[in-house]
Amino acid sequence: MSKVLQIGCGGVGTVAAHKLAQNADIFSDIMIASRTKSKCDALAGVLEKTYGIKVATAAVDADDVEALTRLMKEFQPELVINLALPYQDLTIMEACLNAGCSYLDTANYEPKDEAHFEYSWQWAYKKRFEEAGLTAILGCGFDPGVSGIFTAYAAKHHFDEIHTLDIVDCNAGNHHKAFATNFNPEINIREITQKGLYYKDGEWIETEPLEIHQPITYPNIGPRESYLMHHEELESLVKNFPTIRQGRFWMTFGQQYLTYLDVIQNIGMSRIDEIEYEAPLSDSSGKNVKVKIVPLQFLKAVLPNPQDLGENYDGETSIGCRIRGIKDGKEQTYYVYNNCSHQAAYQETGMQGVSYTTGVPAMIGAMMYFKGLWKRPGVWNVEEFDPDPFMEQLNKQGLPWHEEFGKDLEL
C-alpha cells in the first residue's frame, strides 16, 4: 500500500491530483486536504468521474501543527505532498515528524512578515528527519525542481565540471486579462518585487529588483526580454555542484505586466505589513469599525484566480538550463529544456501550463519516493538524488525534454 496525503487544492494541487489518479498503480490511497473541504470534494468528484477512483478528502488548517498531526495519524500516509503556501512548510514538516510521515514540497519556506526565502530554515530539520528515519524532499516543482534535476543530469552525463549555470524561464502565453498572476498572487508579487541575487566566484551579488535584463531566444517562441531574479534553487545548486563559478536565474515579463506591477508598488498595494482601515461597518455604538488588513492580501482577493485562467490561455512556457563547462578537457555548452502548451495542460487537467509544470514534477517526486529510488532519511534537495529515473518519467508524464549541444547560450 502506498498512501499519500496531498495538502493543497489550488491550481498546482489540481494538476498533481490528476497525475496521482493517473498513476493509481503507484498511489493506492489518496487523500486531498485543504482549508476548504468543498474544493477538495469537487476535485475528488472530477477524479472519480474521469479515472474511476475514490479519493478521500478532509479539511485542515495548514498553520495548525496539532490539526495536521491529528489528520496524518488518522489517515496514516507514508508521504505528505505539501502544495500549500510556502509560509506553511515548517508547520507541515513538524506534523510529519510528529506523525511519522515523509515529506515533499515544491517551494522553500518564507516567513509571512518578510519577503525573503532561503533553505536554512528547512535544512535545519535534517538531523531530526534522519533520526526519525524519514525522508524530506525539497523543491520538487519545475523551478525549483526540474531545473535542479536538469543540472544533476548534465553533471552526471555531459560534464566533468559545470562552470556557469543559467536557468531561463519564459511564459509566452496569453491569458487575455489586463493583469493576472500565474500562481498565488501574494507569493508571486512578493517574489518579483524583492531584490535580485546571483552567484559569482563564491559570492552572492545583490541587484535592484529586475535591474538586469536582456533578450534571450526561446525555442518555438523567439526572443523575449528576460530579467535576472533571485530564485531559491541556486542556493542549493551552487552548494551541491561546487565547480559552478556563476549561477543566475532569468524570467520573462511582458511590458504591460511590468507597468501594472510598477503601479501596484507605487500606490502601496504590494505592502505586506498590516494597515488600519476604517471599514463602513458600524459597531454597537454606531461608530465605524477599524480593521487591520494587509494590502497585498487584499489585492490578491480582487485579482483573477490563477485557477480560472486556463480556458482562454494560449501559447506556451519554455523553461530550461543553459550550462557551460568542461568535458574531457574541452569546453562544452549544453541546453536542456521543456516547452509546455497552456491549452494542452488545460485539456488534460483544467489548469494552465504554469500550474501543470509544477504539479507534474511533484507527482513524479512522490513516485520516485514510493519506488524506493528517492528514499533516504534526512532533508534533501532534488539534485541530490539520481536524476535518470525522474528524467525518464518527465517524458512519460507530459513534460518531454529536449537537449542541444554546442549552442550559443546568449548569456
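In this text the structure is predicted, and so the values were computed from the model without any measurement. Heavy-atom basis, side chains included; hydrogens, waters and symmetry copies ignored. Along the sequence shown, residues carry numbers from 1.
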Original post:
Looking just at side-chain N and O atoms, do Gln246 and Tyr198 make a donor-acceptor pair shorter than 3.5 Å?
Top reply: no

Original post:
At their closest point, which heavy atom of His342 faces which heavy atom of Gly353, and how far apart are they?
Top reply: ND1-N, 2.9 Å

Subject >> Beyond-backbone contact of Trp401 with Val146, side-chain heavy atoms, under 4.5 angstrom >> reply: no

Original post:
Got a donor-acceptor contact below 3.5 angstrom from the Thr36 side chain to the Lys39 backbone?
Top reply: no

Original post:
Does any donor atom in the side chain of Lys375 or Thr135 lie under 3.5 Å from an acceptor atom in the other side chain?
Top reply: no

Subject >> Ion pair check, Asp63 and Arg35, cut-off under 4.0 Å >> reply: yes

Original post:
Between Lys156 and Glu383, is there a side-chain N and carboxylate O pair less than 4.0 Å apart?
Top reply: no

Subject >> Polar side-chain atom of Glu235 near backbone of Tyr119 as donor-acceptor pair, under 3.5 Å >> reply: yes

Subject >> Aromatic contact, Tyr346 with Tyr313 (centres under 6.0 Å) >> reply: no

**OP:** Measure the shortest side-chain to side-chain distance between Leu210 and Phe253 over non-hydrogen atoms and say whether it is less than 4.5 angstrom.
**Re:** yes

Original post:
Any sub-3.5 Å donor-acceptor pair from Ser147's side-chain atoms to Ile167's backbone N or O?
Top reply: no

Original post:
Tell me, do Leu20 and Phe27 make a side-chain contact under 4.5 Å, heavy atoms counted?
Top reply: yes

**OP:** Could you please spell out the steps behind the side chain to side chain contact (heavy atoms under 4.5 Å, CB included) verdict for Ile323 and Thr164?
**Re:** CA-CA 6 Å; Ile323 299 171; Thr164 68; over 6 Å; no

**OP:** Would you check if Leu79 and Leu5 make a side-chain contact, meaning some heavy-atom pair closer than 4.5 Å?
**Re:** no

Original post:
Where do Ala58 and Met31 come nearest, in terms of heavy atoms and distance?
Top reply: CB-SD, 4.0 Å

Original post:
Where the side chain of Lys3 meets the backbone of Phe75, is there a donor-acceptor pair that is under 3.5 Å apart?
Top reply: yes

Original post:
Does a donor on one side chain and an acceptor on the other come within less than 3.5 Å for Tyr227 and Thr252?
Top reply: no

Subject >> Backbone N/O of Asp328 and side chain of Asp160: donor-acceptor pair under 3.5 Å >> reply: yes

Original post:
Can you tell me if Tyr356 and Lys19 form a side-chain donor-acceptor pair at under 3.5 Å?
Top reply: yes

Original post:
Does the side chain of Asn108 pick up a donor-acceptor pair with the side chain of Asp89 at under 3.5 Å?
Top reply: no

Original post:
Heavy-atom distance under 4.5 Å between the side chains of Lys292 and Tyr277, does that happen here?
Top reply: no

**OP:** State, yes or no, whether a side-chain contact exists between Asn339 and Tyr218 at a heavy-atom distance under 4.5 Å.
**Re:** no

Original post:
Heavy atoms, side chains only, cut-off 4.5 Å: are Leu399 and Cys340 in contact?
Top reply: yes

Subject >> Any side-chain donor near an acceptor of the partner, Thr57 and Asp41, under 3.5 Å >> reply: yes

Original post:
Hey, are the side chains of Asp143 and Phe249 touching, using non-hydrogen atoms and a 4.5 Å cut-off?
Top reply: yes

Original post:
Using a distance-only test with no angle check, is there a side-chain donor-acceptor pair under 3.5 angstrom linking Gln22 and Glu348?
Top reply: yes

Subject >> Glu161 and Arg324 ion-paired at < 4.0 Å >> reply: no

Subject >> Modelled atom types, side-chain donor and acceptor of Thr217 and Glu410, under 3.5 Å >> reply: yes

Subject >> Side chain Asn23, main chain Ile26, donor-acceptor under 3.5 Å >> reply: no

Original post:
Cut-off 3.5 Å, side chains only: do Asp314 and His175 have a donor facing an acceptor?
Top reply: no

Original post:
Is Arg376 positioned over the aromatic face of Trp374, cation under 6.0 angstrom from the ring centre and no more than 45 degrees off axis?
Top reply: no

Subject >> Which atom of Gly145 lies closest to which atom of Val382, heavy atoms considered >> reply: O-CG2, 3.4 Å

Subject >> Salt bridge present between Asp166 and Arg248 (N-O < 4.0 angstrom) >> reply: yes

Original post:
Under the side chain to side chain contact (heavy atoms under 4.5 Å, CB included) criterion, do His18 and Tyr51 qualify, and how do the steps go?
Top reply: CA-CA 9 Å; His18 273 269; Tyr51 307 108; 2.8 Å; yes

Original post:
Salt bridge or not for Glu94 and Arg128, using N-O below 4.0 Å?
Top reply: yes

Original post:
Salt bridge check: are Glu392 and Lys396 linked by an N-O gap of less than 4.0 Å?
Top reply: yes

Original post:
Are there more than 12 heavy atoms of other residues, nucleotides or ligands under 6.0 Å from atom CD of Glu66?
Top reply: no

Subject >> Check: His402 ring centre within less than 6.0 Å of Tyr335 ring centre >> reply: no

Original post:
Hey, is Asp273 close enough to Arg271 for a salt bridge, meaning N to O under 4.0 Å?
Top reply: yes

Subject >> Distance-only donor-acceptor check, side chains Gln122 and Asp105, under 3.5 Å >> reply: yes

Original post:
Which pair of heavy atoms, one from Lys37 and one from Ala59, lies closest together, and at what distance?
Top reply: CB-CB, 3.9 Å

Original post:
Does a donor on one side chain and an acceptor on the other come within less than 3.5 Å for Glu118 and Tyr109?
Top reply: no

**OP:** Of all the heavy-atom pairs spanning Leu411 and Ile216, show the shortest one and how long it is.
**Re:** CD2-CD1, 3.8 Å

Subject >> Residues Lys54 and Asp29 bridged, charged N to O under 4.0 Å >> reply: no

